[in-house]
Amino acid sequence: MIKVTLPDGTEKEYEKNTTIGEVAHSINGRLHEKALAGKIGGIPVDLSYPIKEDTSLLVITEDTEEGLDILRHSVAHIMAQAVKRLFPEAKLGIGPTIENGFYYDFGLQHSLTEDDIKRIEEEMAEIIREDIPIKRVELSRDVAIKKMEELGQSFKVELIKDIEDDVVSFYTQAEFIDLCRGPHIQRTGVVKVFKLLNVAGAYWRGKETNPMLQRIYGTAFFTRKELDRYLTFLEEAQKRDHRKIGRELDLFSFHEEGGPGLAFWHPKGARMRSIIENFWREEHFKRGYDTVYSPHIAKINLWKTSGHWNFYRESMYSPIEVDGQEYILKPMNCPFAVLMYKTKLRSYRDLPLRWGELGTVYRYERSGVLHGLLRVRGFTQDDAHIFCTPGQLENEILGVIELAQFMLSSFGFHEYEIELSVRGKGEKEKYIGRDEVWEHAEDALKTALEKKGLPYIRMEGEAKFYGPAIDIKVKDAIGRGWQGPTIQVDFNLPERFDIQYVGPDGLYHQVVMVHRTVLGAMERFIGCLIEHYAGDFPLWIAPVQMRILSITDMHIDYAKKLQARLLLKNFRVECDTGNAKINYKIRQGTLEKIPYLLIVGDKEIQSGTVSIRSRKKGNEGVLSVEDFIEKVDSEVREKR
RNA sequence: GCUAGCGUAGCUCAAUUGGCGGAGCAGCGGUUUUGUAAACCGCAGGUUGUGGGUUCGAGUCCCACCGCUAGCUCCA
């Protein structure tokens, strides 16, 4: 007999080799019905796993993340089986689960079409109908390699060769076999709802030099309702697409004639941007920052000294020749800040210096990665460079974290994930600087995060070439993640440019530099903001805050006077005095997502009021002009 | 950059199989003077992304380039 300890602490005795499925059944029927797999001593295994010794057991059920993951993984296998049935020559790559679904990569000459995807879905449905048992098979490495070679599965051979264990596991379902750690559902018939979403190319093992495979993305859920909810989410995301809203609200455009990745800000977009920039400046001044401006180009030698020419060249625009000198469009602002720092001898009493800069940089991004405002070639970073002593470093990082949090919450972002991006192992050639310098920088970032009690994930190989960073990923209104603030400690640039301060001891010391953004870049941030609010901006950001709608030509004069009065109060207010019915004007204003529509006719003129229709609540009735001003004033102040 | 797909009026979309490029909205001109999500009539709008080719004939087929989209890789 063996002893099994359940999560609630109860212990039960079973015959040796009792399976997890049998244990679940013995506990109760419902658990058995919902059981998909188990965890023995924390390691996930199949329901058919025979328990051999005393252990702890957790039964993984349908209504858990882990359960969903197992289901999706099995659906990925079913998809691969379907693909093999329709295209026997297909070579299998990898087929993992991802957030919201799964994918599987296939090496296949024929390029998959929409029709193929439909056929694959049908075949998957057939496999599910066949209710095929899914079985685990363990083979020795050598046998496994031989078997995959026989089947012509060269990618699998490569994978097995990288596995260090002597025994590797496979899962079979009828004629199909696949290398897999497991666990899986017991029968294909367990799958209820799934959907294939799209096909795209993907390099084998993510390396550009490897052959490109075809990746099919799909998703699966336990109920139709959950799938529908997910599909609705995808539609919602599409409705929020900032490229679409940006055009509809006349915020910005891109031009084939201008060049890819170069944004043109229309008056309304520019207005929004300047509101955000002004707010940004004010908040920085309050926190002891100054602002600076620097040129857009500089001689190539500056970029050689800074290290960009060696480590960042593939992202830089080619040199421009002027008077026999080569100039580079700046991809970063930092060397300019350094030059300004060097204009005089700095004392420790001057530090820290916090220099903010809304600096426009140009980076050569590969054509395939450009995406609306979110990924462009010319963009304005809300940059700042902090020059401080090593002793001040931690405090400065803390200050930046707090500023970043304040900024994000001001724009309605309340959830985020923090990453500590450090050097990758074994690729030192990608990074500048000595090991101890890197370690020192990493320590400073780590300590600051720990002092703030902020949880973070360590990301190997995600650091910039000049130093480690804290990267903050914000979550928007519908739960999607976006690259937000970043804080980078840099001991290298100070060393390369030899920038110093005079300490209390009268000696020269090397200054420490922090690069940081709290929004990221104006382009990306506003793109993100559009999707976050779906274009329904809070009053303080809305490019047009209110529009006055006259009922007939008789009311134009009052409307114009009202507009002038509101303009004097610094509101962004338009007038619609066109020859159209009020319903039409309301519809227009609503579609343009204007927060307040002010309707004026005979009644309002007589009483000196406005009739208010808000985007949030609809018809709000009539207010005196004074009360309306008070109302919107407080709304702006409170950033509601 | 790579794989796949797409490119018709400002926007959204039509155009048998290769056979005279249309509509709605927006715009402009009129009529109408209107009370909380679309009044009516008319006008104008295009070398079908660009350049080649095949064909009696190309929006449609082929090639190259430009741009866009979904991913891969990369990133603020």
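Each chain gets a letter, A, B and so on, in the order the sequences are listed, and its residues count up from 1.
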Specify the separation, in whole Å, of atom [atom1] of [X] and atom [atom2] of [N].
| X | N | atom1 | atom2 | result |
| --- | --- | --- | --- | --- |
| Leu249(A) | C11(B) | CG | C1' | 14 Å |
| Asn579(A) | A38(B) | CG | P | 17 Å |
| Tyr203(A) | C74(B) | OH | C1' | 11 Å |
| Lys593(A) | A37(B) | NZ | P | 17 Å |
| Phe254(A) | C66(B) | CZ | C1' | 17 Å |

Please report the C-alpha distance between Gln588(A) and Lys585(A) in whole Å, then the side-chain angles of each, then the deciding distance to 0.1 Å, and finally whether the side chain to side chain contact (heavy atoms under 4.5 Å, CB included) criterion is met. CA-CA 5 Å; Gln588(A) 287 311 311; Lys585(A) 295 182 185 179; 5.6 Å; no

Would you say [X] and [Y] make side-chain contact, with heavy atoms under 4.5 Å?
| X | Y | result |
| --- | --- | --- |
| Ile470(A) | Glu419(A) | no |
| Tyr456(A) | Glu417(A) | no |
| Trp204(A) | Asp105(A) | no |
| Ser274(A) | Met272(A) | no |
| Lys330(A) | Trp303(A) | yes |

Nearest to side-chain heavy atoms of [X], which nucleotide of [options]:
| X | options | result |
| --- | --- | --- |
| Asn198(A) | A39(B), A70(B), C72(B) | A70(B) |
| Ala200(A) | U33(B), G71(B), A76(B) | G71(B) |
| Tyr364(A) | U69(B), U34(B), G1(B) | G1(B) |
| Asn583(A) | A76(B), U12(B), A37(B) | A37(B) |
| Arg587(A) | C72(B), A76(B), A37(B) | A37(B) |
| Glu208(A) | C72(B), G35(B), G1(B) | G1(B) |

Under 3.5 Å on both distances, the Watson-Crick or G-U partner of [N]:
| N | value |
| --- | --- |
| C43(B) | G27(B) |
| U48(B) | none |
| U60(B) | none |
| G35(B) | none |
| C2(B) | G71(B) |
| A15(B) | none |

Please state the [atom1] separation for the pair [N] and [M] - nearest whole angstrom.
| N | M | atom1 | answer |
| --- | --- | --- | --- |
| G46(B) | G7(B) | C1' | 15 Å |
| C61(B) | G19(B) | C1' | 15 Å |
| C75(B) | G1(B) | C1' | 15 Å |
| C43(B) | U47(B) | C1' | 23 Å |

Within the pair [X] and [N], is there a side-chain N or O less than 4.0 Å away from OP1 or OP2?
| X | N | result |
| --- | --- | --- |
| Ser367(A) | G1(B) | yes |
| Tyr584(A) | A26(B) | yes |
| Arg516(A) | A76(B) | no |
| His371(A) | G71(B) | no |
| Arg215(A) | A70(B) | no |

Select from Arg205(A) and Leu213(A) the residue whose nearest nucleotide in RNA chain B is closer to the 5' end of that strand.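 On the 5' side of the pair lies Leu213(A).
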
Nearest-nucleotide 5' precedence on RNA chain B, Ile612(A) against Met554(A):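 On the 5' side of the pair lies Met554(A).
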
Once you apply a heavy-atom cut-off of 4.0 Å, does [X] come out as touching a base, just sugar-phosphate, or nothing?
| X | result |
| --- | --- |
| Glu604(A) | base |
| Arg377(A) | nothing |
| Glu248(A) | nothing |
| Arg247(A) | sugar-phosphate |
| Asp553(A) | base |
| Lys585(A) | nothing |
| Gly589(A) | nothing |
| Phe379(A) | base |
| Val376(A) | base |
| Thr590(A) | base |
| Glu256(A) | base |
| Gly201(A) | base |
| Gly206(A) | sugar-phosphate |
| Val199(A) | nothing |

May I ask you to verify whether the side chain of Arg524(A) and the base of C75(B) hold a donor-acceptor pair under 3.5 Å?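 A donor-acceptor contact between them is present.
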
Is it the case that G71(B) (base atoms only) and Tyr103(A) (side chain only) share a donor and an acceptor within less than 3.5 Å, ignoring hydrogens and angles?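 Answer no: no donor N or O sits under 3.5 Å from an acceptor.
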
Please test Ile599(A) against Val610(A) for side chain to side chain contact (heavy atoms under 4.5 Å, CB included), starting from the C-alpha separation and ending with a verdict. CA-CA 6 Å; Ile599(A) 297 157; Val610(A) 284; over 6 Å; no

Are the ring centres of Tyr289(A) and Trp355(A) closer than 6.0 Å?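 Between Trp355(A) and Tyr289(A), which both carry aromatic rings, the centre distance is not below 6.0 Å.
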
Are Tyr104(A) and Phe102(A), when compared by the centres of their aromatic rings, separated by less than 6.0 Å?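 So the answer is no for these two rings.
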
Set out, in order, the CA-CA distance, both residues' side-chain angles and the distance that settles side chain to side chain contact (heavy atoms under 4.5 Å, CB included) for Tyr431(A) and Lys464(A), then state yes or no. CA-CA 8 Å; Tyr431(A) 306 98; Lys464(A) 322 291 171 224; over 6 Å; no

Do any of residues 458-472 of chain A sit with a heavy atom less than 4.0 Å from RNA chain B, and if so which?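 Nucleic-acid contacts, sorted: Lys464(A).
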
Distance (rounded to the nearest 0.5 Å) between Met212(A) CE and Ser111(A) OG: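 Between Met212(A) CE and Ser111(A) OG, I get 13.0 Å after rounding to 0.5 Å.
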
